[in-house]
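See below for the structure under consideration.
In what follows, chains carry the letters A, B, and so on, assigned in the order in which the sequence lines appear, proteins first and then strands, with residues in each chain numbered from 1. What you are looking at is a predicted structure, and each value in this text was computed from that prediction instead of being measured.
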Amino acid sequence: MAKEKFDFTNEEMRNAYRHTTSHILAQAVKNLWPEAKLAIGPAIENGFYYDIDLEHKFTDDDLKKIEKEMKKIMKAGLPLERFELPREEALKLMAEKNEDYKVELINDLPEDEVISFYKQGDFVDLCAGPHVEKTSVIKAVKLTSVAGAYWRGDSNNKMLQRIYGTSFPSQEELDQYLAKIEEAKKRDHRKIGKEMDLFAIYEEGPGFPFFLPKGMIIRNELEKFWREEHKKRGYEEIKTPLILNEQLWHTSGHWDNYKDNMYFTKIDDEDYAIKPMNCPGAMLVYKRKMHSYRDFPIRMGELGQVHRHELSGALHGLMRVRTFTQDDAHILMLPEQIKDEIKGVIDFIDYVYSLFGFKYHIELSTRPEEKYIGTLDLWEKATDALREAVEEKGMDYIVNEGDGAFYGPKLDFHLEDSIGRTWQCGTIQLDYMMPERFNLEYIGKDGEKHRPVMIHRVLFGSIERFIGILTEHYAGKFPLWLAPVQVKLLTVTDKFVPYAKEVAEKLEAVGIRVEVDDRNEKIGYKLREARNERVTYIAVIGEREVEANTLSLRHNVQGDIGEMGVEEFKAKLVEDIENKA
RNA sequence: GCUGUUGUAGCUCAGUCGGUAGAGCACUUCCUUGGUAAGGAAGAGGUUCGGCAGUUCAAUCCUGCUCAACAGCUCCA
């Protein structure tokens with residue numbers, strides 16, 4: 001690969017490039033702190049890292065120092081030489097260098113594995129390669145952060161220091177990448193949420209978000225949309241309690257498999273649990289009466305608020321919280337209806353994601369290694385049904401081994417936002433176990449009792465998180481139907497306030513969310529504020545507009561769109577909102 | 001939960017090598033009636049610097065504990 005022009009779009013070459021950079025990082029660290037012990041240092045999606053065990057705690061200044069040292073190594077143009085050693089000699093070499101982690105790695109390599117090393121200057125690292133030919137191939141490097149990481153990713157092991165960095169064939173490309181990171185920061189829903197006054201999280205309730213008036217508008221619009229679409233597709237809506245007797249959670253298997261994530265409470269000395277999932281409640285709803293095979297499929301939707309004890313370090317704005325609302329549904333059905341129902345949900349999810357302009361991919365998550373209920377036979381049946389449904393839809397999917405829920409396998413929908421990040425949102429889970437545990441029954445054509453099959457599914461996943469994702473996806477510039485403020489009228493002077501109020505009333509009369517900025521401020525100032533608020537349409541009202549009964553309009557994405565008659569504008573808004581344009 | 005960093009006015013931040021704190025924006029009042037990203041002036045605003053202890057004549061600044069946020073790990077909608 002050395003001779004050809006460096007192709008950074010080729011994943012393999014890019015990884016070799018970053019991997020070499022991580023070796024340079026390791027060498028630089030060893031030059032500065034010879035007592036440092038090296039663990040592993042792979043290339044990752046947008047760069048590389050190296051895990052290092054060292055008493056001294058790296059600071060930001062240290063990163064600069066290390067970067068400088070790395071640049072020296074790059075400049076020196078040291079060739080990377082590969083060599084192999086028999087196991088004993090390999091162990092001896094690493095033991096001599098006090099590289100305990102490398103010794104452990106070698107010991108864990110399979111018997112027949114070739115043990116290879118890469119050497120640059122006087123630095124040697126256990127490594128399978130590949131690498132670029134010499135250190136001077138690396139042109140631009142940046143160490144981005146240092147953080148703790150467990151040896152071998154196991155929280156029982158020692159915490160090492162992980163230095164993250166990235167590298168590119170030119171400074172321009174590195175700068176571009178860093179600019180992209182900046183863009184993502186600008187879109188951070190926590191920042192935009194504060195600026196737009198959408199939601200807030202206080203110290204008094206870590207992981208328990210408050211929705212503010214503007215945020216509630218988005219939330220209510222999403223829920224309204226959700227209800228309309230579910231009604232169209234034959235769903236009924238239910239609401240089940242937040243707190244239910246602990247016994248129920250033993251029946252469902254949650255107590256055995258999920259109790260670490262649950263909150264418990266007592267009522268009159270009886271043990272109760274706060275629901276972490278909605279299914280047991282839905283089970284009780286099903287069991288309230290005897291069902292006939294003619295009733296199926298039964299589709300029960302629920303915007304169900306759940307509470308889960310997440311680790312404090314995992315909390316993140318609206319994306320990871322301790323209480324959230326799942327746009328849940330439980331579909332009870334006959335075995336022969338399974339595939340059609342799954343396909344129906346897939347179509348539903350496709351419809352919803354497309355509306356927001358999301359692309360997505362599907363992952364099939366199979367039975368967990370340990371924590372699961374039910375028989376292997378049923379797991380296989382359920383997994384096959386999901387697989388066949390996706391395949392019959394002609395959709396691609398990847399398999400995610402062992403990542404299923406404890407009660408069944410699932411199809412996960414990972415959507416991609418406007419700057420290329422992916423989020424797991426929708427999931428379809430097929431469940432034979434819960435109906436079994438709750439002893440669900442129906443009377444079949446033969447007059448005998450049978451057991452129905454169940455689907456658990458969500459489209460948004462969590463309303464809170466979906467709002468967070470939408471905020472970043474649109475950078476706060478929500479589509480008209482979701483925008484907290486759809487139109488803001490700015491008066492040039494107070495002479496035009498009566499006209500502005502009249503226009504506002506006309507728009508409000510047809511349900512448009514409109515605000516008037518009639519403050520005694522200059523138009524440029526009002527405009528700046530309205531833009532920062534990311535309102536969809538800004539209308540400036542002055543002499544001209546009053547004369548002609550028009551509005552001078554600016555759209556938050558399209559920019560200046562000129563003048564338009566009030567009635568015409570009103571009709572356009574009503575139509576666009578209706579079409580969710 | 002773990003490792004590291006941070007925590008000062010509603011927001012964004014400065015500051016004190018220990019002697020009881022400041023800027024800009026926002027807010028209030030006044031002047032200004034101004035056409036596409038900040039017109040001017042004055043004023044108010046911190047139970048005093050996340051909380052609790054400790055060291056000290058004296059702590060926002062030092063020490064310990066604790067809470068929260070941020071980055072990453074682990075986990076996950």
Close N or O pairs between protein and nucleotides 2-6 of chain B (under 3.5 Å):
from	atom 1	to	atom 2	distance (Å)
C2(B)	O4'	Y150(A)	OH	3.4
C2(B)	O2	Y150(A)	OH	3.3
U3(B)	O2	G148(A)	N	3.4

Short heteroatom pairs, N/O only, protein and nucleotides 7-14 of chain B, under 3.5 Å:
from	atom 1	to	atom 2	distance (Å)
U12(B)	OP1	K194(A)	NZ	3.2

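A cation-pi arrangement is present between R233(A) and Y351(A) under the rule of less than 6.0 angstrom and at most 45 degrees off the ring axis.
To the nearest angstrom, P of G1(B) lies 13 Å from CZ of R320(A). Between E521(A) atom CD and U28(B) atom C1' there is a gap of 13 Å when expressed in whole angstrom units. Nucleotide A26(B) holds its P atom 13 Å from the CD atom of E533(A), rounded to whole Å. To the nearest angstrom, P of C31(B) lies 12 Å from CG of D494(A). When the P atom of G34(B) is taken as reference, atom CD of E529(A) falls 21 Å away, rounded to whole Å. Atoms CG (L490(A)) and C1' (G35(B)) sit 11 Å apart, rounded to a whole Å. Rounded to whole angstrom, the span from the CG atom of N556(A) across to the P atom of A37(B) amounts to 16 Å. Atoms CZ (F406(A)) and P (C76(B)) sit 13 Å apart, rounded to a whole Å.
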**Under the 3.5 Å Watson-Crick or G-U criterion, the dot-bracket string of RNA chain B, with | for inter-strand pairs** = (((((((..((((.....[..)))).(((((.......)))))......(((((..]....))))))))))))....
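R190(A) has a side-chain polar atom (N or O) that falls below the 4.0 Å cut-off from OP1 or OP2 of C70(B). Within the structure, a side-chain polar atom (N or O) of K410(A) is placed less than 4.0 Å from OP1 or OP2 of A77(B). Here Y525(A) reaches the OP1 or OP2 of A26(B): one of its side-chain N or O atoms lies under 4.0 Å away. OP1 or OP2 of A69(B) has not a single side-chain nitrogen or oxygen of Y202(A) nearer than 4.0 Å. In this model, the phosphate group of C76(B) is not approached by any side-chain N or O of H309(A) to a distance below 4.0 Å at OP1 or OP2.
Contacts of residues 463-476 of chain A with RNA chain B (heavy atom under 4.0 Å): R465(A). Looking at residues 541-551 of chain A, you'll see G542(A), E543(A), R544(A), E545(A) sit with a heavy atom under 4.0 Å from some atom of RNA chain B.
In the displayed structure, K526(A) atom NZ is contacted under 6.0 Å by more than 12 heavy atoms of other residues, nucleotides or ligands.
Comparing I201(A) and K495(A) along RNA chain B, the residue whose closest nucleotide (by nearest heavy atom) sits nearer the 5' end is K495(A). Nearer to the 5' terminus of RNA chain B, by closest-nucleotide assignment, is the contact made by L553(A) (compared with the other of L553(A) and R308(A)).
Ring planes of Y537(A) and F569(A): perpendicular class, angle over 60° (limits at 30 and 60°). The aromatic rings of H189(A) and H316(A) sit tilted relative to each other, their planes meeting at an angle between 30° and 60°. Aromatic ring orientation, Y263(A) versus F208(A): tilted (interplanar angle from 30° to 60°).
Salt-bridge annotation for E69(A) and K30(A): absent, with no side-chain N of the basic residue lying under 4.0 Å from a carboxylate O of the acidic one. For R421(A) and E472(A), the salt-bridge test passes: some basic side-chain N is under 4.0 Å from an acidic carboxylate O.
Between G51(B) and C67(B), the two C1' atoms lie 7 Å apart (nearest whole Å).
Judged as a ring-ring contact (aromatic ring centres under 6.0 Å, His included), and not counting sequence neighbours, Y258(A) has no contacts.
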